There are 2 protein chains.
Amino acid sequence: MKMRSDYTCPLELTHDMIRGKWKPLILWQLKKGACSPSALKKSIRGISQKMLLQHLHELLTCGVIKKTSSYGYPLKTDYFLTERGKKIYEAVSIMQSVGIDMMLEDNREDFLRDKGLL
Amino acid sequence: MKMRSDYTCPLELTHDMIRGKWKPLILWQLKKGACSPSALKKSIRGISQKMLLQHLHELLTCGVIKKTSSYGYPLKTDYFLTERGKKIYEAVSIMQSVGIDMMLEDNREDFLRDKGLL
DNA sequence: CAGCATCCCCACTGATACTG
DNA sequence: CAGTATCAGTGGGGATGCTG
């Protein structure tokens, strides 16, 4: 996300921080605990290394996550949520909940349609 | 937003529903009560009529908002949040809260920097 | 394994003009 | 006033290969 230099609206600011396609999924995974890039890549189906690292970097810049790096081989880095990240996760959690409701309703409709009840 | 036809992840589904640049602001305004397009346009600084109507249409499609239209002149239409929309608003509200915190912290840093304390 | 650089496409956005 | 159509710019995202 290209961030603007001046935000007058707090909602636009936060929205831009998590607009990226994979950001909610990354936060969702990190909520489970600190995680390395390779582990994240495994758990988020379809994400490329480039997009993962790009989004991680953007989240770092906004103070939503932080990382710990151990220099020397083998390389090992862990990303984890900051307090700000945990707060944003609450919003992500609601989004997840709404999504589940929608998918259940859709399935219910499909079910009813299959039975000729809709 | 170009919606996919198949969502296996509820989080991706909801995220795509509100990724549009102006969607959170529209929901924020509608939370205050039903509103006409022209009134929304006035209250959302910088939005064009095209983007407003486009996003309203997308939100309608996803069942986040609904509208009432009175045919005949002068034309009068009101958009309002559905139950689903009100639930998503809760997430938007958290985003707003996080944004306010960030802006306050930034101002605080600017303040301290001005005083030579940072 | 973590991270960066390049190239390319297309979806999102915006400006403008038009219709009922 | 609500809603649609067209055109053009841009930046987000994907594929791929390279480096420490």
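Order of the sequence lines fixes the chain letters, A, B, ..., with proteins taken first and strands second; residue numbering starts at 1 for each chain. Treat the numbers as computed from the prediction; the structure is a model and nothing was measured.
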Check the phosphate of [N] against [X], side-chain N and O only, distance under 4.0 Å to OP1 or OP2. Yes or no?
{"X": "A/R19", "N": "C/dA11", "value": "no"}
{"X": "B/S48", "N": "C/dT16", "value": "no"}
{"X": "B/S38", "N": "D/dA2", "value": "yes"}
{"X": "A/H57", "N": "C/dA2", "value": "no"}
{"X": "A/H55", "N": "D/dG13", "value": "yes"}
{"X": "A/K21", "N": "C/dA11", "value": "no"}
{"X": "A/S36", "N": "C/dC1", "value": "no"}

Return the value, rounded to whole Å, for the distance between atom [atom1] of [X] and atom [atom2] of [N].
{"X": "A/L60", "N": "C/dC4", "atom1": "CG", "atom2": "P", "result": "10 Å"}
{"X": "B/E58", "N": "C/dC12", "atom1": "CD", "atom2": "C1'", "result": "9 Å"}
{"X": "A/H15", "N": "D/dG12", "atom1": "NE2", "atom2": "P", "result": "13 Å"}
{"X": "A/K2", "N": "D/dG9", "atom1": "NZ", "atom2": "C1'", "result": "13 Å"}
{"X": "B/L53", "N": "C/dC12", "atom1": "CG", "atom2": "P", "result": "17 Å"}
{"X": "A/R4", "N": "D/dT10", "atom1": "CZ", "atom2": "C1'", "result": "16 Å"}
{"X": "A/Q49", "N": "C/dT6", "atom1": "CD", "atom2": "P", "result": "16 Å"}
{"X": "A/L52", "N": "D/dA15", "atom1": "CG", "atom2": "C1'", "result": "15 Å"}

Tell me whether [X] is salt-bridged to [Y], with the criterion being a basic N under 4.0 Å from an acidic carboxylate O.
{"X": "B/K31", "Y": "B/E90", "result": "no"}
{"X": "B/K21", "Y": "A/E12", "result": "no"}
{"X": "A/E83", "Y": "A/K66", "result": "no"}

Which nucleotide in the set [options] lies at the smallest distance from any side-chain heavy atom of [X]?
{"X": "A/Y79", "options": "D/dC1, C/dG3, D/dG3", "value": "C/dG3"}
{"X": "B/M51", "options": "D/dA2, C/dT13, C/dG3", "value": "C/dT13"}
{"X": "A/K50", "options": "C/dG3, C/dT13, D/dG14", "value": "D/dG14"}
{"X": "B/L75", "options": "C/dA15, C/dG20, D/dG12", "value": "C/dG20"}

Query raised in the report: Any chance the side chains of B/K76 and B/S69 put a donor and an acceptor closer than 3.5 Å?
Result: no
Query raised in the report: Should A/W28 and A/Q96 count as side-chain neighbours, where that means a heavy-atom distance under 4.5 Å?
Result: yes
Query raised in the report: Would you say the side chain of A/Q54 and the base of D/dG12 hold a donor-acceptor pair, judged only by whether the two atoms sit under 3.5 Å apart?
Result: no
Query raised in the report: Which part of the nucleic acid, if any, lies within contact of A/K67, taking any heavy atom under 4.0 Å across all strands shown: a base, the sugar-phosphate backbone alone, or nothing?
Result: sugar-phosphate
Report task. Tell me what B/P37 touches on the nucleic acid: a base, only sugar-phosphate, or nothing, going by heavy atoms under 4.0 Å. Result -> sugar-phosphate
**Report entry** Neighbour count >12 (heavy atoms, 6.0 Å) for atom CZ, A/R45
**Finding:** no
